[in-house]
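To start, the structure itself, in C-alpha coordinates.
For the numbers below, each heavy atom of this structure counts, side chains included, while hydrogens, waters and symmetry mates do not.
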Amino acid sequence: MIRGRWGPQMSDSPLLLALIGHPGEAPARSESLRRLRGGRVVLTAESMEAAAGENATFHAAVVDSSADAVRAIAAGKHVLVAAPVADSLQDAESLLGSAEEAGVYLSVGGVPVNVPANRVILDRLSSGKLGESGLLRVHCWSGESSRSLASKLYGHIDLAIRFFGSSPAELYSVARGDQSYLQVHLGFAGGGMAILDFSGRLPAGQGYDSLSLIGSSGAAYSDDHHNTHLLFAGGNPAALIDDCGDGLLAEVQAFVDAIAGETLPPTDGEAVLTVHRVLEAIGRSSESAGVLHERGGAYEPA
(Lines give C-alpha, C1' and ligand atoms only; values in the text may rest on other atoms or scores of the structure.)
Protein backbone atom coordinates (compact mmCIF):
# COMPACT_ATOMS: atom_id res chain seq x y z
CA MET A 1 0.00 0.00 0.00
CA ILE A 2 1.31 3.42 -0.89
CA ARG A 3 0.83 4.77 2.65
CA GLY A 4 3.24 2.29 4.23
CA ARG A 5 7.00 2.14 4.63
CA TRP A 6 7.55 -0.80 2.37
CA GLY A 7 10.63 -2.89 1.81
CA PRO A 8 11.07 -5.98 -0.35
CA GLN A 9 11.54 -9.42 1.11
CA MET A 10 15.33 -9.72 1.15
CA SER A 11 15.29 -13.49 0.74
CA ASP A 12 14.85 -16.15 -1.88
CA SER A 13 12.67 -18.13 0.53
CA PRO A 14 8.91 -18.13 -0.12
CA LEU A 15 6.67 -15.76 1.79
CA LEU A 16 4.88 -17.80 4.46
CA LEU A 17 1.14 -17.14 4.59
CA ALA A 18 -1.62 -17.77 7.14
CA LEU A 19 -5.26 -18.03 6.02
CA ILE A 20 -7.47 -16.65 8.80
CA GLY A 21 -11.26 -17.08 9.02
CA HIS A 22 -13.97 -19.17 7.33
CA PRO A 23 -12.61 -22.53 8.51
CA GLY A 24 -15.07 -24.48 6.38
CA GLU A 25 -13.57 -22.93 3.25
CA ALA A 26 -9.92 -23.33 4.31
CA PRO A 27 -9.18 -26.52 2.32
CA ALA A 28 -10.61 -25.08 -0.91
CA ARG A 29 -8.84 -21.76 -0.41
CA SER A 30 -5.53 -23.48 0.29
CA GLU A 31 -5.93 -25.61 -2.83
CA SER A 32 -6.68 -22.55 -4.97
CA LEU A 33 -3.37 -21.04 -3.79
CA ARG A 34 -1.34 -24.13 -4.60
CA ARG A 35 -0.02 -22.45 -7.78
CA LEU A 36 1.09 -19.33 -5.90
CA ARG A 37 4.57 -18.17 -6.93
CA GLY A 38 6.92 -16.93 -4.21
CA GLY A 39 4.50 -17.72 -1.40
CA ARG A 40 3.21 -20.74 0.49
CA VAL A 41 0.30 -21.31 2.87
CA VAL A 42 1.64 -22.77 6.13
CA LEU A 43 -1.30 -22.23 8.49
CA THR A 44 -5.10 -21.99 8.51
CA ALA A 45 -6.96 -20.80 11.59
CA GLU A 46 -10.33 -19.37 12.62
CA SER A 47 -8.79 -16.19 14.04
CA MET A 48 -5.48 -14.46 14.66
CA GLU A 49 -5.79 -15.47 18.31
CA ALA A 50 -6.04 -19.12 17.27
CA ALA A 51 -3.11 -18.65 14.88
CA ALA A 52 -0.97 -17.31 17.73
CA GLY A 53 -1.73 -20.47 19.68
CA GLU A 54 -0.36 -22.60 16.83
CA ASN A 55 3.11 -21.11 17.40
CA ALA A 56 3.80 -21.22 13.65
CA THR A 57 6.07 -18.86 11.75
CA PHE A 58 4.45 -16.79 9.00
CA HIS A 59 5.15 -13.42 7.41
CA ALA A 60 1.71 -12.37 6.16
CA ALA A 61 -1.96 -13.09 6.83
CA VAL A 62 -5.01 -13.27 4.58
CA VAL A 63 -7.87 -12.29 6.90
CA ASP A 64 -11.63 -11.86 6.64
CA SER A 65 -12.28 -9.27 9.35
CA SER A 66 -10.95 -5.87 10.34
CA ALA A 67 -10.49 -7.14 13.91
CA ASP A 68 -8.06 -9.81 12.70
CA ALA A 69 -6.37 -7.23 10.46
CA VAL A 70 -5.74 -5.07 13.55
CA ARG A 71 -4.25 -8.07 15.40
CA ALA A 72 -2.09 -9.06 12.43
CA ILE A 73 -0.69 -5.55 12.04
CA ALA A 74 0.04 -5.40 15.78
CA ALA A 75 2.01 -8.64 15.35
CA GLY A 76 4.03 -7.08 12.52
CA LYS A 77 2.43 -9.14 9.73
CA HIS A 78 1.61 -7.95 6.23
CA VAL A 79 -2.16 -8.17 5.74
CA LEU A 80 -4.58 -8.88 2.90
CA VAL A 81 -7.98 -8.06 4.42
CA ALA A 82 -11.34 -8.78 2.83
CA ALA A 83 -13.54 -5.84 1.87
CA PRO A 84 -14.99 -3.66 3.30
CA VAL A 85 -11.67 -3.23 5.21
CA ALA A 86 -13.34 -1.59 8.23
CA ASP A 87 -16.79 -0.74 9.62
CA SER A 88 -16.47 3.01 9.09
CA LEU A 89 -14.36 5.71 7.48
CA GLN A 90 -12.79 6.50 10.85
CA ASP A 91 -11.88 2.84 11.44
CA ALA A 92 -10.40 2.60 7.93
CA GLU A 93 -8.23 5.65 8.61
CA SER A 94 -7.08 4.10 11.89
CA LEU A 95 -6.25 0.77 10.23
CA LEU A 96 -4.25 2.46 7.48
CA GLY A 97 -2.40 4.54 10.03
CA SER A 98 -1.53 1.45 12.06
CA ALA A 99 -0.15 -0.30 8.96
CA GLU A 100 1.93 2.75 8.09
CA GLU A 101 3.31 2.99 11.61
CA ALA A 102 4.13 -0.74 11.69
CA GLY A 103 5.74 -0.59 8.23
CA VAL A 104 3.66 -3.43 6.79
CA TYR A 105 1.56 -3.86 3.67
CA LEU A 106 -2.20 -3.61 3.94
CA SER A 107 -4.06 -4.74 0.84
CA VAL A 108 -7.75 -5.36 0.09
CA GLY A 109 -9.14 -8.66 -1.17
CA GLY A 110 -12.46 -10.17 -2.11
CA VAL A 111 -13.29 -7.36 -4.53
CA PRO A 112 -14.81 -7.78 -8.01
CA VAL A 113 -12.00 -5.82 -9.67
CA ASN A 114 -9.93 -9.01 -9.30
CA VAL A 115 -12.48 -11.25 -11.01
CA PRO A 116 -11.08 -12.18 -14.47
CA ALA A 117 -14.15 -11.00 -16.42
CA ASN A 118 -14.00 -7.56 -14.80
CA ARG A 119 -10.26 -7.33 -15.44
CA VAL A 120 -11.02 -7.83 -19.13
CA ILE A 121 -13.55 -4.97 -19.06
CA LEU A 122 -11.01 -2.68 -17.38
CA ASP A 123 -8.43 -3.64 -20.00
CA ARG A 124 -10.90 -2.81 -22.80
CA LEU A 125 -11.59 0.56 -21.18
CA SER A 126 -7.92 1.43 -20.75
CA SER A 127 -7.21 0.48 -24.37
CA GLY A 128 -10.02 2.76 -25.59
CA LYS A 129 -12.06 -0.03 -27.18
CA LEU A 130 -15.17 0.87 -25.19
CA GLY A 131 -14.71 4.62 -25.34
CA GLU A 132 -15.86 6.63 -22.32
CA SER A 133 -17.95 4.90 -19.66
CA GLY A 134 -21.59 5.93 -19.91
CA LEU A 135 -23.85 3.57 -17.96
CA LEU A 136 -22.93 0.89 -15.44
CA ARG A 137 -25.72 -1.45 -14.31
CA VAL A 138 -25.17 -3.98 -11.52
CA HIS A 139 -27.47 -6.56 -9.93
CA CYS A 140 -26.03 -8.29 -6.88
CA TRP A 141 -28.53 -10.71 -5.32
CA SER A 142 -27.60 -13.06 -2.53
CA GLY A 143 -28.89 -15.27 0.25
CA GLU A 144 -28.10 -15.59 3.93
CA SER A 145 -24.95 -17.65 3.34
CA SER A 146 -23.36 -15.14 0.97
CA ARG A 147 -20.86 -12.42 1.77
CA SER A 148 -22.16 -9.38 3.64
CA LEU A 149 -23.89 -6.49 1.91
CA ALA A 150 -21.11 -4.19 3.14
CA SER A 151 -18.52 -6.36 1.40
CA LYS A 152 -20.41 -6.44 -1.90
CA LEU A 153 -21.21 -2.73 -1.75
CA TYR A 154 -17.56 -1.80 -1.12
CA GLY A 155 -16.38 -3.93 -4.04
CA HIS A 156 -18.83 -2.55 -6.59
CA ILE A 157 -18.34 1.09 -5.51
CA ASP A 158 -14.60 0.53 -5.95
CA LEU A 159 -15.23 -0.98 -9.38
CA ALA A 160 -17.53 1.88 -10.46
CA ILE A 161 -14.90 4.45 -9.47
CA ARG A 162 -12.34 2.55 -11.55
CA PHE A 163 -14.66 2.33 -14.56
CA PHE A 164 -15.43 6.07 -14.55
CA GLY A 165 -11.99 7.19 -13.38
CA SER A 166 -13.28 9.44 -10.59
CA SER A 167 -15.45 9.62 -7.52
CA PRO A 168 -19.16 10.20 -8.13
CA ALA A 169 -20.14 13.85 -8.30
CA GLU A 170 -23.53 13.07 -6.76
CA LEU A 171 -25.32 10.08 -5.31
CA TYR A 172 -28.69 8.88 -4.13
CA SER A 173 -29.63 5.64 -2.39
CA VAL A 174 -32.76 4.01 -1.09
CA ALA A 175 -33.10 1.05 1.28
CA ARG A 176 -36.14 -1.11 1.90
CA GLY A 177 -37.29 -2.90 5.01
CA ASP A 178 -34.46 -4.24 7.14
CA GLN A 179 -31.72 -3.04 4.78
CA SER A 180 -31.93 -6.34 2.89
CA TYR A 181 -32.50 -4.37 -0.32
CA LEU A 182 -30.49 -1.34 -1.36
CA GLN A 183 -30.40 0.61 -4.64
CA VAL A 184 -27.64 3.14 -5.31
CA HIS A 185 -27.54 5.73 -8.09
CA LEU A 186 -24.18 7.38 -8.75
CA GLY A 187 -23.74 10.35 -11.08
CA PHE A 188 -20.32 11.13 -12.53
CA ALA A 189 -18.89 14.24 -14.15
CA GLY A 190 -19.62 14.28 -17.86
CA GLY A 191 -23.02 12.62 -17.54
CA GLY A 192 -22.00 9.02 -16.80
CA MET A 193 -23.97 7.11 -14.20
CA ALA A 194 -24.10 3.83 -12.33
CA ILE A 195 -27.18 2.08 -10.97
CA LEU A 196 -26.43 -0.67 -8.49
CA ASP A 197 -28.94 -2.82 -6.64
CA PHE A 198 -28.23 -5.27 -3.84
CA SER A 199 -30.62 -7.79 -2.37
CA GLY A 200 -30.12 -10.27 0.45
CA ARG A 201 -33.58 -11.77 0.14
CA LEU A 202 -32.73 -14.91 -1.79
CA PRO A 203 -32.87 -18.27 0.02
CA ALA A 204 -29.61 -19.48 1.53
CA GLY A 205 -27.23 -20.70 -1.17
CA GLN A 206 -25.63 -19.35 -4.30
CA GLY A 207 -26.55 -15.85 -5.38
CA TYR A 208 -26.66 -14.08 -8.75
CA ASP A 209 -24.45 -11.27 -10.06
CA SER A 210 -24.85 -9.29 -13.25
CA LEU A 211 -22.78 -6.37 -14.51
CA SER A 212 -23.04 -4.50 -17.80
CA LEU A 213 -21.18 -1.41 -18.95
CA ILE A 214 -22.14 0.74 -21.92
CA GLY A 215 -19.40 2.97 -23.27
CA SER A 216 -19.38 5.63 -25.99
CA SER A 217 -18.04 3.14 -28.55
CA GLY A 218 -18.81 -0.31 -27.16
CA ALA A 219 -20.33 -2.37 -24.38
CA ALA A 220 -19.28 -5.28 -22.17
CA TYR A 221 -20.86 -7.50 -19.55
CA SER A 222 -19.99 -9.92 -16.77
CA ASP A 223 -23.17 -11.91 -16.11
CA ASP A 224 -23.77 -15.17 -14.24
CA HIS A 225 -26.57 -15.91 -16.72
CA HIS A 226 -23.99 -16.54 -19.46
CA ASN A 227 -21.91 -18.82 -17.23
CA THR A 228 -24.78 -21.07 -16.13
CA HIS A 229 -24.98 -24.76 -16.99
CA LEU A 230 -27.74 -27.31 -16.54
CA LEU A 231 -27.14 -30.38 -14.38
CA PHE A 232 -29.40 -33.36 -15.15
CA ALA A 233 -29.50 -35.75 -12.21
CA GLY A 234 -33.07 -36.96 -12.32
CA GLY A 235 -36.16 -34.85 -11.76
CA ASN A 236 -35.92 -31.19 -12.67
CA PRO A 237 -32.46 -30.06 -13.80
CA ALA A 238 -30.39 -27.80 -11.55
CA ALA A 239 -28.52 -24.70 -12.69
CA LEU A 240 -24.81 -24.55 -11.88
CA ILE A 241 -23.01 -21.22 -12.12
CA ASP A 242 -19.34 -21.28 -13.11
CA ASP A 243 -17.76 -18.28 -11.40
CA CYS A 244 -14.80 -18.43 -13.84
CA GLY A 245 -12.39 -17.75 -11.00
CA ASP A 246 -13.07 -15.74 -7.86
CA GLY A 247 -9.87 -13.73 -8.08
CA LEU A 248 -8.31 -15.13 -4.87
CA LEU A 249 -5.17 -16.47 -6.55
CA ALA A 250 -4.68 -13.26 -8.56
CA GLU A 251 -5.06 -10.94 -5.58
CA VAL A 252 -2.85 -13.01 -3.27
CA GLN A 253 -0.24 -13.28 -6.04
CA ALA A 254 -0.26 -9.49 -6.45
CA PHE A 255 0.06 -9.16 -2.66
CA VAL A 256 3.06 -11.52 -2.55
CA ASP A 257 4.75 -9.87 -5.55
CA ALA A 258 4.39 -6.40 -3.99
CA ILE A 259 5.92 -7.52 -0.70
CA ALA A 260 8.81 -9.06 -2.65
CA GLY A 261 9.31 -5.71 -4.36
CA GLU A 262 8.59 -7.11 -7.83
CA THR A 263 5.50 -4.96 -8.54
CA LEU A 264 3.85 -1.79 -7.33
CA PRO A 265 1.58 -2.18 -4.29
CA PRO A 266 -1.85 -3.49 -5.38
CA THR A 267 -3.84 -1.25 -3.01
CA ASP A 268 -3.76 2.51 -2.60
CA GLY A 269 -4.70 3.80 0.86
CA GLU A 270 -6.31 6.94 -0.53
CA ALA A 271 -8.47 4.78 -2.81
CA VAL A 272 -9.67 2.82 0.23
CA LEU A 273 -10.64 6.05 1.99
CA THR A 274 -12.39 7.32 -1.14
CA VAL A 275 -14.60 4.24 -1.24
CA HIS A 276 -15.38 4.58 2.47
CA ARG A 277 -16.35 8.24 2.00
CA VAL A 278 -18.82 7.17 -0.68
CA LEU A 279 -20.14 4.35 1.54
CA GLU A 280 -20.69 6.78 4.40
CA ALA A 281 -22.55 9.13 2.04
CA ILE A 282 -24.72 6.28 0.77
CA GLY A 283 -25.78 5.56 4.35
CA ARG A 284 -26.68 9.21 4.94
CA SER A 285 -28.57 9.42 1.65
CA SER A 286 -30.64 6.35 2.55
CA GLU A 287 -31.53 7.86 5.92
CA SER A 288 -32.47 11.28 4.54
CA ALA A 289 -33.93 10.12 1.20
CA GLY A 290 -32.00 12.94 -0.42
CA VAL A 291 -29.37 13.49 -3.10
CA LEU A 292 -25.86 14.31 -1.89
CA HIS A 293 -23.30 16.27 -3.93
CA GLU A 294 -19.52 16.02 -3.72
CA ARG A 295 -17.84 19.21 -2.53
CA GLY A 296 -14.16 19.20 -1.65
CA GLY A 297 -14.03 15.48 -0.92
CA ALA A 298 -17.18 15.48 1.22
CA TYR A 299 -20.79 14.74 0.27
CA GLU A 300 -23.40 17.29 1.26
CA PRO A 301 -27.06 18.09 0.45
CA ALA A 302 -27.75 20.54 -2.37
Side-chain angles (χ1 to χ4, degrees), residues 2 83-84 108-141 151-174 182-199 208-228 241-247 250-251 253-254 263-279 281-282 285 291-297 299 302:
I2 292 175
V108 184
V111 286
V113 67
N114 293 318
V115 173
N118 294 331
R119 296 301 311 175
V120 171
I121 296 175
L122 281 168
D123 289 343
R124 296 296 185 271
L125 273 174
S126 63
S127 67
K129 293 181 179 179
L130 299 181
E132 297 294 324
S133 296
L135 172 64
L136 173 65
R137 189 72 174 97
V138 169
H139 300 292
C140 197
W141 304 335
S151 172
K152 289 177 174 286
L153 185 56
Y154 179 102
H156 283 92
I157 295 300
D158 170 70
L159 193 59
I161 290 172
R162 292 172 187 267
F163 281 163
F164 287 91
S166 67
S167 301
E170 56 188 3
L171 61 85
Y172 172 76
S173 65
V174 58
L182 177 70
Q183 186 174 94
V184 178
H185 187 177
L186 307 176
F188 294 87
M193 67 177 179
I195 304 174
L196 321 173
D197 66 75
F198 304 84
S199 174
Y208 170 77
D209 291 336
S210 171
L211 179 152
S212 58
L213 177 70
I214 299 175
S216 57
S217 60
Y221 64 83
S222 172
D223 193 334
D224 284 345
H225 174 74
H226 299 278
N227 296 319
T228 301
I241 297 176
D242 180 0
D243 63 12
C244 298
D246 61 3
E251 63 193 17
Q253 186 66 68
T263 63
L264 293 175
T267 303
D268 177 0
E270 290 306 319
V272 171
L273 296 181
T274 295
V275 175
H276 271 279
R277 290 188 189 100
V278 175
L279 292 179
I282 287 172
S285 177
V291 177
L292 298 182
H293 301 265
E294 192 274 332
R295 293 188 178 92
Y299 288 89

Do any N or O atoms from the side chain of S212 and from the backbone of Y221 form a donor-acceptor pair under 3.5 angstrom?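 A pair under 3.5 Å: no.
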Under 3.5 Å: donor-acceptor pair, side chain of H276, backbone of P84: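 Indeed, once roles are kept as given, a pair shorter than 3.5 Å links the two residues.
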Measure the shortest side-chain to side-chain distance between [X] and [Y] over non-hydrogen atoms and say whether it is less than 4.5 angstrom.
X: K152; Y: D209; answer: yes
X: Y154; Y: V272; answer: yes
X: Y299; Y: I282; answer: no

From [X] atom [atom1] to [Y] atom [atom2], the distance as rounded to the nearest 0.5 Å:
X: F163; Y: L135; atom1: CZ; atom2: CG; result: 12.0 Å
X: S222; Y: R119; atom1: OG; atom2: CZ; result: 12.5 Å
X: R137; Y: S210; atom1: CZ; atom2: OG; result: 8.5 Å
X: S285; Y: E170; atom1: OG; atom2: CD; result: 10.5 Å
X: S173; Y: Q183; atom1: OG; atom2: CD; result: 9.5 Å
X: H156; Y: C140; atom1: NE2; atom2: SG; result: 4.5 Å

Taking all non-hydrogen atoms of both residues into account, name the closest pair between [X] and [Y] and its distance.
X: A220; Y: L130; result: CB-CD1, 4.1 Å
X: A189; Y: A169; result: N-CB, 4.2 Å
X: A194; Y: F188; result: CB-CE1, 4.1 Å
X: G131; Y: S217; result: N-OG, 3.0 Å

Positive for side-chain contact (heavy atoms from CB on, under 4.5 Å) with [X], one of [options]:
X: P168; options: L292, I157, L186; answer: L186
X: L182; options: L153, L196, V174; answer: L153
X: L213; options: N118, I121, V138, L159; answer: I121

